[in-house]
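Each remark here refers to the structure printed beneath this line.
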Amino acid sequence: MPAAREALLDAASAVLARRPWPRVRMVDVAAMSGLSRQTLYNEFGTKEGLGRALVRREADAYLAGIDRALAAEGDPAERLTAAAEWTVAAARRSALLRALLTGCWSERLPRPVPGAADSGSPVPAQRRADAPLPAPADLLALARDRCLAALCAPGASGVHPELLLLACEVGMRLALSCVQAPSARDGAGRLVREALDPLLARTV
């Protein structure tokens, strides 16, 4: 992502942390970034376009974090536990990600309109931001499929793919349950590990 666009999104996030989205002004975002309002409008078109880009970046960052968690050494249960812990920790830090994962949008947040925007933007990243965003079930499925792809890579594990698919589904759904209702028992990690260890010990 170009540095100017990233700086503008960082600035928008900083302004959003201080005030609800309806009170976020483009002039404030430009001033926070140190870039001109013209650059801001060139990149995002409108405030609504900026909001869609913020939400898109959050979804992308979440999936990138899933990939990083899965890249760690360990058996499938350990790696899925890491992905679940990342999900819960990231959602705790980000109200946007919590909304994406649960579908519960507050008035403080830029809420994407269902469906694609009529994007005439010349900026490729904005055309992507204007495309439909994943619904909670879709985002969870994307995370699950990344887990499965990582664990089914050649030499990654000796567990049967059917069990791995079930383990990925269980792990991500348990993580989502901890996002919606935080666990009082050592968080998502222990919950996921206790569920997955016996599951992955089975044979098909």
Side-chain angles (χ1 to χ4, degrees), residues 1 6 9 13 52-106 109 111-112 114 125 128-129 131-204:
M1 182 179 293
E6 191 69 24
L9 287 170
S13 293
R52 287 191 295 272
L54 275 173
V55 178
R56 172 64 67 182
R57 184 173 75 157
E58 201 65 38
D60 290 345
Y62 167 63
L63 293 173
I66 289 287
D67 291 338
R68 289 193 300 272
L70 293 165
E73 296 292 329
D75 62 30
E78 289 171 332
R79 295 167 73 191
L80 286 171
T81 297
E85 289 175 334
W86 157 255
T87 297
V88 175
R92 186 180 300 121
R93 290 191 299 268
S94 169
L96 272 178
L97 179 57
R98 284 196 303 277
L100 275 165
L101 287 169
T102 64
C104 298
W105 294 85
S106 78
L109 300 175
R111 181 172 185 172
R128 182 170 180 271
L133 285 155
D138 299 327
L139 187 57
L140 194 69
L142 288 170
R144 178 205 62 207
D145 292 347
R146 284 172 183 251
C147 292
L148 184 62
L151 297 178
C152 284
S157 76
V159 181
H160 194 284
E162 288 180 20
L163 280 181
L164 284 177
L165 175 59
L166 180 58
C168 293
E169 183 79 20
V170 168
M172 296 316 300
R173 289 195 175 276
L174 284 173
L176 180 57
S177 75
C178 290
V179 170
Q180 293 175 316
S183 171
R185 274 186 70 226
D186 301 325
R190 181 173 176 177
L191 184 65
V192 170
R193 189 68 199 235
E194 288 180 351
L196 294 187
D197 278 342
L199 174 62
L200 290 170
R202 291 166 45 192
T203 58
V204 175

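Values below: all heavy atoms of this structure, side chains included; hydrogens, waters and symmetry mates excluded.
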Walk me through whether Leu165 and Arg144 qualify under side-chain contact (heavy atoms from CB on, under 4.5 Å). CA-CA 8 Å; Leu165 175 59; Arg144 178 205 62 207; 4.2 Å; yes
So, for Ala83 and Cys147, which heavy atoms are closest and what is the spacing to 0.1 Å? CB-SG, 4.2 Å
In terms of heavy-atom contacts, Leu148 and Pro161 come closest through CD1-O, 4.2 Å
Are any non-hydrogen side-chain atoms of Cys152 and Leu164 less than 4.5 angstrom apart? yes
With sequence neighbours excluded, tell me which residues meet side chain to side chain contact (heavy atoms under 4.5 Å, CB included) with Ala89. Arg92, Arg93
Distance check, rounded to the nearest 0.5 Å: Arg128 atom CZ versus Leu133 atom CG? 9.0 Å
Using a 4.5 Å cut-off on heavy atoms from C-beta on, say whether the side chain of Pro136 contacts that of Thr102. no
Is there a donor-acceptor pair closer than 3.5 Å between any side-chain N or O of Glu78 and the backbone N or O of Asp75? yes
CG/Leu142 to CD1/Ile66 distance, rounded to the nearest 0.5 angstrom? 10.5 Å
CZ (Arg98) and CD (Glu58) are apart, to the nearest 0.5 Å, by 10.0 Å
How close do Trp86 and Ala61 get, heavy atom to heavy atom, and via which atoms? CZ2-O, 3.8 Å
Does any part of the side chain of Leu191, heavy atoms only, come nearer than 4.5 Å to the side chain of Cys178, both counted from C-beta? yes
From CZ (Arg57) to CD (Glu6), nearest 0.5 Å: 4.5 Å
Enter the distance from Met172:CE to Leu101:CG here, rounded to the nearest 0.5 Å. 8.0 Å
Closer than 3.5 angstrom, by distance alone: can the side chain of Ser94 be matched with the main-chain N or O of Ala90 as a donor-acceptor pair? no
Does the side-chain contact (heavy atoms from CB on, under 4.5 Å) test come out yes or no for Gln180 and Leu176, once each step is laid out? CA-CA 6 Å; Gln180 293 175 316; Leu176 180 57; 4.2 Å; yes
With rounding to the nearest 0.5 Å, note down the distance linking CZ in Arg68 to CG in Leu63. 10.5 Å
Side chain Arg56, main chain Pro132, donor-acceptor under 3.5 Å: yes
Ignoring hydrogens, what is the shortest heavy-atom contact between Leu151 and Cys168? Give both atom names and the distance. CD1-SG, 4.0 Å
Between Asp197 and Arg193, does at least one N-O distance fall below 4.0 Å, as a salt bridge requires? yes
For Tyr62 and Leu100, run side-chain contact (heavy atoms from CB on, under 4.5 Å): C-alpha distance rounded to whole Å, both residues' side-chain angles, the deciding distance at 0.1 Å, then the answer. CA-CA 10 Å; Tyr62 167 63; Leu100 275 165; over 6 Å; no
On a heavy-atom basis, the closest approach of Ala195 and Val170 is CB-CG1, 4.4 Å
Between the side chain of Arg79 and the main-chain N/O of Leu70, is any donor-acceptor distance below 3.5 Å? yes
Check whether any side-chain heavy atom of Leu174 sits under 4.5 Å from a side-chain heavy atom of Glu169, and report yes or no. no
